[in-house]
Amino acid sequence: MTNKLIIAITFIFSILLCSCSVNKQIKKADKKYTIGEYYKAASLYKNAYPRVNITKEKQKKAYVAYKMGMCYQKVGEYDKAERAYANAIRYKYNDKDVYLKYADILRRSKKYKEAIENYDIYMKLDTNSLVAINGKLAAIESAEREKAGSRYIVKKEDFFSSKKSDGCPAHPEGDSTVIYFSSSRDNKQTSHKTSNITGTPNRDIYMAKRNAVGKWDNLELIEGDMNTESDESNPSFSADGKTMVYTRCPYIKGETHGAEIWTATRQGGKWGKSQRIALLKDSTVTVAHPALSADGKYLYFVSDMDGGFGGKDIWRSMKTSEGWSAPVNLGPSINTEGDEMFPSTRDSLLYFASDGHPGMGGLDIFYATEAGEGEWVVTEMPVPVNSSADDYGITFAKGEEKGYFTSNRGEKKGYDKIYSFYCPPIVYNVFGKVTNTEGEPLGDANVRVVGDDGTNVKLKTKKDGTYQFDIKRGVNYVMLGNCRGFLNQKNNISTRGLEDSKRFEINFQLASISKPVGLDNIFFEFGKATLTKESGAALDKLIKLLKDNPNITIEIGAHTDKVGSAEGNLKLSGERAQSVVDYLIKGGIEEARLTAMGYGKTKPVVVDKALAKQYPFLHEHDVLDEEFIDALAPENQETANMINRRTEFRVLKTTYKMY
């Protein structure tokens, strides 16, 4: 045998041996994947992938890339999953699901344009997929929703953070001073090896309490037999906090990894012995993520048993005298082609996580209200509680819109972390000040607040004239300011249609009944009685005042300065007063309530405290007659003339049509 032939045979044998070795490794990876050891399977697929011949085994290479992507997605290594799916598509993998999974990963990474393109490819192959339709819709809307945000405030809680995963927080009895959660952190009591499923140590259940200053403290493993070498997580509690249900994932080498629901009862301040809850005759079927309803009537849980709608579904069993009834699927209002998981309850609401309902990406948190037999009304939690990452496992403090949830947002290795959330209450408040028309506070005034919800409150102003009052959402209010010796003033406010907190500032300037009240910003054309457009706002204000006080009659008095003849000024001022009266009549005020009077220059202004404060060259009680003005410095004479040129009203009667 020649050397060349020996070399050729050796080469061919090496290729065959290598091929057999790769196939064996892929087969081993497939088995690990089947029994749920995704982390181990990913490692095997990764080692096999570069050894698959691109030219001769292109479809096999695509298959390995696809399975590798699914493994990375399961363990939360999303960047690696994205690259693996891209390679599967590159080598023309023949399963349409690769486009859907790739689109979901791209949406999670906020690559919305590329995600939409892959959803479109998938929907050409499966036109009826609600998961794809919802995913594309979310990709279109997510950027705007992130920008809009909501009133919720979300914060990563560093106290709970370990170097591994922490999640599924729960307040027993809604008590916000105590928290239970699961964690894969290292501890001395239960030494765990790295899990072939997740790549992290198996989880244990921990608890913490708030100290005297409200900070989390005393982090420790819970007592009892709940924590073992298996994986324990998802603690949930009965309404009285005395019963705990949780998930346990026992490890049996070489077998499919399922999950079981266990329970323990608290007696004498300690947790008693744990017991497995048998919901099904077939003990090999996975049941997990238990949650008790507030009334203790139902046990909600997650399973991929037959009879579901695809992926993992939420089921429930009813409490009976013998244990729990046969499980019932919650139906298509809750469950989709995707995964619905991590149920929790709050009063009559059911919270859960889903990647099948329209959301932001990955798992998102929803809540549902039961509307009838098998019917639920589902609502998505807002941004930033939901994000493009996985968000799930929510718990609430009793009676408050705050609590904790789990998210892997911003985590390169996909580790879960605990986040707090808080939605500040919507608060509406009305405040202001009651003064006279000169701006002086009225400390003995009243403000009456009347709402169309039946509110009828009388508020007394403080010495400085101020008041404030909390009002309700969705109510129309009428407010009336009044004080002895002054006219009433009415205002309207409404909280209907408002979504955010708001403070309404409503000030009242009450006009005196006993002395003339100046009308600011009333203007006439030069030398004429024609009102200018700029006068409209002040006169409309006077119309409102007359409508707020329907039992008064008033005199409109017009005054001029000292320039011009007495006869001409008297005539002009009378015409101007009548112009004002005509405007008020057009505005709906009865003519019988109005009297026009022109005074010319016969009634110069007597300086009051407010004018003296505004103009330093004037003093209280100064009379701005011709003699006084002529004695002023030239630059002050025009100011004095301007003060005399005025329009006023004074109350004549307060009993119009009362008798």
Side-chain angles (χ1 to χ4, degrees), residues 76 154-190 192 195 198 200-211 214-228 230-238 241 243-249 259 261-264 266 271 274 288-292 302 341-346 351-353 363 365 385 389-398 400 402-409 411 414-422:
V154 166
K155 178 187 174 186
K156 184 178 178 182
E157 290 298 323
D158 293 333
F159 174 78
F160 301 108
S161 291
S162 65
K163 293 180 180 179
K164 297 296 184 348
S165 284
D166 309 287
C168 296
H171 289 308
E173 300 179 86
D175 182 358
S176 61
T177 65
V178 180
I179 195 167
Y180 286 70
F181 65 98
S182 54
S183 177
S184 59
R185 68 187 63 204
D186 295 327
N187 67 76
K188 295 178 181 178
Q189 291 174 250
T190 55
H192 295 305
S195 167
T198 63
T200 61
N202 284 336
R203 292 165 294 180
D204 290 314
I205 299 173
Y206 291 77
M207 70 165 293
K209 295 181 179 180
R210 291 191 188 274
N211 58 26
K215 300 293 184 182
W216 288 114
D217 201 355
N218 302 319
L219 177 61
E220 58 187 21
L221 282 165
I222 58 172
E223 81 284 351
D225 65 348
M226 275 77 84
N227 292 321
T228 67
S230 296
D231 185 277
E232 286 87 21
S233 65
N234 306 99
S236 181
F237 298 86
S238 59
T243 300
M244 180 200 296
V245 288
Y246 64 95
T247 303
R248 175 174 286 170
C249 300
I261 294 174
W262 286 65
T263 184
R266 195 168 183 82
W271 291 107
S274 295
H289 307 169
L292 292 164
V302 173
M341 302 188 291
F342 301 101
S344 62
T345 61
R346 180 194 185 199
Y351 286 78
F352 64 97
L363 290 171
I365 300 172
V385 175
D390 291 323
D391 308 293
Y392 65 91
I394 195 167
T395 188
F396 287 81
K398 190 172 184 178
E400 298 187 76
K402 71 176 185 179
Y404 296 88
F405 68 99
T406 313
S407 180
N408 57 15
R409 62 189 69 182
E411 298 294 324
Y415 290 158
D416 295 323
K417 301 298 175 184
I418 294 175
Y419 284 74
S420 65
F421 69 92
Y422 171 60

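All residue numbers in this chain count up from 1 along the given sequence. For clarity, every value in this text was computed on a predicted model and none was experimentally measured.
In this structure, D217 contributes its side chain and K209 its backbone to no donor-acceptor pair below 3.5 Å. A donor-acceptor pair under 3.5 Å links the side-chain atoms of S184 to the main chain of S165, judged by distance alone. In this structure a side-chain-to-backbone donor-acceptor pair under 3.5 Å is present from T345 to L292. Judged by distance alone, the side chain of K156 and the main-chain N or O of S420 form no donor-acceptor pair under 3.5 Å. Formation of a donor-acceptor pair under 3.5 Å by the S344 side chain with backbone atoms of T395 is not found in this model. Using modelled atom types, one side-chain atom of N227 and one backbone atom of I205 make a donor-acceptor pair closer than 3.5 Å. A donor-acceptor distance shorter than 3.5 angstrom exists from the side chain of R185 to the backbone of F160, with no hydrogens or angles considered. Of the possible donor and acceptor atoms, none in the side chain of T247 sits under 3.5 Å from a partner among the backbone N and O of A288. A donor-acceptor pair is defined here as one N or O able to donate and one able to accept, closer than 3.5 Å; no such pair exists between the side chain of K164 and the backbone of D416. Under a 3.5 Å cut-off, the side chain of R248 and the backbone N or O of M226 do form a donor-acceptor pair.
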- Query: Given H171 and V178, is the side chain to side chain contact (heavy atoms under 4.5 Å, CB included) satisfied, shown in steps?
  - Reply: CA-CA 6 Å; H171 289 308; V178 180; 5.8 Å; no

- Task: Show your reasoning for whether side chain to side chain contact (heavy atoms under 4.5 Å, CB included) applies to V302 and F352.
- Result: CA-CA 10 Å; V302 173; F352 64 97; over 6 Å; no

- Check the pair E232, I222 against side chain to side chain contact (heavy atoms under 4.5 Å, CB included), reporting the backbone distance first and the verdict last. CA-CA 11 Å; E232 286 87 21; I222 58 172; over 6 Å; no

- S183 and S162: CA distance, side-chain angles, deciding distance, side chain to side chain contact (heavy atoms under 4.5 Å, CB included) verdict: CA-CA 8 Å; S183 177; S162 65; 3.9 Å; yes

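Residues that satisfy the ring pair (Phe, Tyr, Trp, His ring centres under 6.0 Å) test with F396, not counting sequence neighbours, are Y351, F421.
Aromatic ring orientation, Y180 versus W271: perpendicular (interplanar angle above 60°, classes split at 30° and 60°).
The distance from the CG atom of N408 to the NZ atom of K417 is 10.5 Å, given to the nearest 0.5 Å. Rounded to the nearest 0.5 angstrom, I365 CD1 and D390 CG are separated by 10.5 Å. Atom NZ in K163 sits 11.0 Å away from atom OH in Y415 (nearest 0.5 Å). Note that the NE2 atom of H289 and the SG atom of C168 stand 6.5 Å from one another [nearest 0.5 Å]. In this structure, CD1 on I418 lies 11.5 Å from OG on S407, to the nearest 0.5 angstrom.
For the pairing with D231, the side-chain contact (heavy atoms from CB on, under 4.5 Å) check across N202, T200, T198 returns one residue only, N202.
Closest of all the heavy-atom pairs between T228 and D204 is O-OD1, 3.7 Å. Smallest separation of non-hydrogen atoms from A259 and C249: CB-SG, 3.7 Å. Between F342 and G393, the shortest heavy-atom contact is CB-N, 4.0 Å. Considering every non-hydrogen atom in both P172 and G241, the closest pair reads CB-CA, 4.5 Å. Between A291 and V245 the shortest heavy-atom distance is N-CG2, 4.4 Å.
Under the 3.5 Å distance criterion, with hydrogens and angles disregarded, no donor-acceptor pair is assigned to the side chains of Y246 and S182. For the residue pair D166/Y206, the side-chain donor-acceptor check at 3.5 Å is not satisfied.
Using a 4.5 Å cut-off on side-chain heavy atoms (C-beta onward), R409 and V154 make contact. At a threshold of 4.5 Å between non-hydrogen side-chain atoms, the residues E173 and F237 do not count as touching. No side-chain heavy atom of F181 sits less than 4.5 Å from a side-chain heavy atom of T406.
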